[in-house]
Peer 1: 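Below: one structure in structure tokens.
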Amino acid sequence: MAQVQVQPQAQMSGSNGAASGTAAAAPSGGPAVQFQSTSLYVGDLEETVNDSQLYEMFSQLGQVVSVRVCRDITTRRSLGYAYVNYSNPIDAVRALDVLNFTPLNGKPIRIMYSNRDPSIRKSGAANIFIKNLDKTIDNKALYDTFSVFGNILSCKIATDPSGQSKGYGFVQFDQEEAAQNAISKLNGMLLNDKQVFVGPFVRKQERENAVNKAKFNNVFVKNLSESTTEEDLKIIFGEFGNITSSVVMREGDGKSKCFGFVNFENADDAAQAVEGLNGKKFDDKEWYVGKAQKKSERELELKAKFEQNMKEAVDKYQGLNLYLKNLDDSIDDEKLKELFSEYGMITSCKVMKDPNGVSRGSGFVAFSTPEEANRALLEMNGKMVANKPLFVALAQRKEDRRARLQARDVHPFN
DNA sequence: ACTGAGCGA
């Protein structure tokens, strides 16, 4: 078993945390289906996994009655899940226990009992979120650590495309009580010497709503028509309560920037105004109305969004994106595209520039397949372009690059 | 830094 070393973060009275929680593991009134079903749902399948591969694997644990990878009715493409039916429920339990998270074609499968009623899955009840997990903790270790508290319907560590743990994961139990127990026993504990957070799963949207529940008096409004004035704002927002000030932001010549602020005496009125006016149309313009952010808050949010976008872009282009340097200043996006297009289909292409628009001598070219990218790398690296030898390498993730530079004790030149 | 998707014959 891939048990994880569990330690209490602080001394707990006569308890060693998880190990004492075994009483919770008793299936007190759990659904009977868990214990006699012969039908397994096998999900997270790699695209090309087929029936015979699954049969070979699952029949080692008992007599398999049927195996079926579900496919799109017209394209026949795998839907990424399958059903495996055993003749004996005991074999099904063993298969789930032994084969869960076994990689097939490089991707760990995730096994659950088949249940055609989606209500439990959809409800998201008894679903918990775990973060700050040590990267060496894998699906099995997570499963074994949490199964002490009850029946797990599904469990998974979030990973990047290469399979590396992102340090957080999910466990869904069949009973609310088990989830509560797991949270109270394991939140703040050390798993492999890292203090983990264990809490109820909360959808991103709902987390953001919670943040926005903070009281505020100042309201931001944008997408105003150019003719909308402070007076108009006073009248429209005044319906929701007393206003201490309203302003439409303007250029030096008095032209509206089409956004403004309205300050309420009363925070509840401000919230009502957001609720009542956001998305409403005035002069054919759909207003955005929301809590006004301080400049620092707004900058933080924009920065976070920017970094998130960068990260997603890098992930998407992993193995497809080439990093270039020692580019001559005369080479712009267009010329770069011409230079590389003979090696394949270019999906994006960019010369990095300083704020004055002058080339920084570096850039990126992304291809539609890793093969194209590789060939372009081999052929173009060191090639003389505008009298300068071009440097070409696979673009690296930011954090990988930092780690590599640190390892060699080299410092970035920029 | 970081909060999911998933059920047929």
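This is a predicted model, so every value here is computed, not measured. Proteins get letters first, then strands, A, B, ... in listed order; numbering begins at 1 in each. Hydrogens, waters and symmetry mates play no part in the numbers below; they use all other heavy atoms, side chains included.
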Peer 1: Is there, by distance only and without an angle test, a donor paired with an acceptor across the side chain of A/Asn132 and the base of B/dA1 below 3.5 Å?
Peer 2: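 Present.
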Peer 1: Answer yes or no on whether A/Lys156 is positioned over the face of A/Phe170, meaning its NZ or CZ is under 6.0 Å from the six-membered ring centre and within 45° of the axis.
Peer 2: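 Verdict for A/Phe170: no cation-pi partner in A/Lys156.
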Peer 1: In this structure, how many angstroms lie between the P atom of B/dA9 and the CG atom of A/Leu40, rounded?
Peer 2: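 After rounding, the gap between these two atoms is 18 Å.
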Peer 1: Between A/Arg68 and A/Tyr41, just flag the one whose closest nucleotide in DNA chain B comes earlier from the 5' side.
Peer 2: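 Comparing both residues, the 5'-ward one is A/Tyr41.
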Peer 1: Any N or O donor-acceptor pair under 3.5 Å from the base of B/dG4 to the side chain of A/Asn127?
Peer 2: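 Indeed there is one.
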Peer 1: Rounded to whole Å, how long is the line connecting atom CD1 of A/Ile111 with atom P of B/dC7?
Peer 2: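 So the two atoms are 17 Å apart, to the nearest Å.
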Peer 1: What's the spacing between A/Ser87 OG and A/Gln63 CD if we round to 0.5 Å?
Peer 2: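 These two atoms lie 4.0 Å from each other.
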Peer 1: Mind calculating the distance between CG (A/Asn100) and C1' (B/dG6) to the nearest angstrom?
Peer 2: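 My rounded result for the distance is 13 Å.
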Peer 1: Between B/dC2, B/dG8, B/dG6, spot the one nearest the side chain of A/Lys131, thanks.
Peer 2: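 From the listed options, B/dC2 comes nearest.
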Peer 1: Take atom NZ of A/Lys122 and atom P of B/dG4, then tell me their distance rounded to the nearest Å.
Peer 2: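 So the two atoms are 16 Å apart, to the nearest Å.
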Peer 1: Please verify the inter-ring angle class for A/Tyr323 with A/Phe391; under 30° counts as parallel, over 60° as perpendicular, anything in between as tilted.
Peer 2: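 Aromatic pair A/Tyr323/A/Phe391 classed perpendicular.
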Peer 1: Closer to the 5' end of DNA chain B via nearest nucleotide, is it A/Asn85 or A/Cys155?
Peer 2: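 Its nearest nucleotide lies further toward 5', so the answer is A/Cys155.
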Peer 1: Any side-chain N or O of A/Arg207 less than 4.0 Å from the OP1 or OP2 oxygen of B/dT3?
Peer 2: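 For B/dT3, OP1/OP2 do have a side-chain N/O of A/Arg207 under 4.0 Å.
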Peer 1: Using the six-membered ring for Trp and the full ring for Phe, Tyr or His, decide whether A/Tyr168 stacks on the six-membered base ring of B/dC2 (centres under 5.5 Å, planes under 30°).
Peer 2: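 Stacking is absent between B/dC2 and A/Tyr168, given that the ring centres and planes do not meet under 5.5 Å and under 30°.
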Peer 1: What is the distance, to the nearest angstrom, from the NZ atom on A/Lys156 to the C1' atom on B/dG4?
Peer 2: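 Rounded to whole Å, this separation is 7 Å.
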Peer 1: Look at all strands and tell whether A/Tyr81 reaches a base, only sugar-phosphate, or nothing, counting heavy atoms closer than 4.0 Å.
Peer 2: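 The residue A/Tyr81 makes sugar-phosphate contact but no base contact.
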Peer 1: Identify which nucleotide among B/dA9, B/dG6, B/dT3 has an atom closest to any side-chain atom of A/Phe197, counting heavy atoms from C-beta outward.
Peer 2: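 The answer is B/dT3.
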Peer 1: What's the OH-P distance between A/Tyr113 and B/dA5, to the nearest Å?
Peer 2: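 My rounded result for the distance is 25 Å.
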Peer 1: What is the distance from CG of A/Asp72 to P of B/dG8, rounded to the nearest Å?
Peer 2: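 Nearest whole value for this atom pair: 14 Å.
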Peer 1: Roughly, in whole Å, what's the span from CG in A/Leu45 to C1' in B/dC7?
Peer 2: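 Going from A/Leu45 (CG) to B/dC7 (C1'), I get 12 Å.
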Peer 1: So which nucleotide from B/dT3, B/dA5, B/dG8 ends up closest to the side chain of A/Tyr83?
Peer 2: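 Looking only at heavy atoms from C-beta outward on A/Tyr83, the closest nucleotide is B/dG8.
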Peer 1: Please confirm whether A/Lys350 makes a cation-pi placement over A/Phe364, using NZ or CZ under 6.0 Å from the six-membered ring centre and within 45° of the ring normal.
Peer 2: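 No, cation not above the ring by the 6.0 Å, 45° rule.
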Peer 1: Would you call the rings of A/Phe173 and A/Phe146 parallel, tilted or perpendicular, taking 30° and 60° as the class edges?
Peer 2: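 Rings of A/Phe173 and A/Phe146: tilted, 30 to 60°.
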Peer 1: From C-beta outward on A/Arg116, which listed nucleotide comes closest to its side chain: B/dA9, B/dC7, B/dT3?
Peer 2: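 For A/Arg116, the side-chain atoms sit closest to B/dA9.
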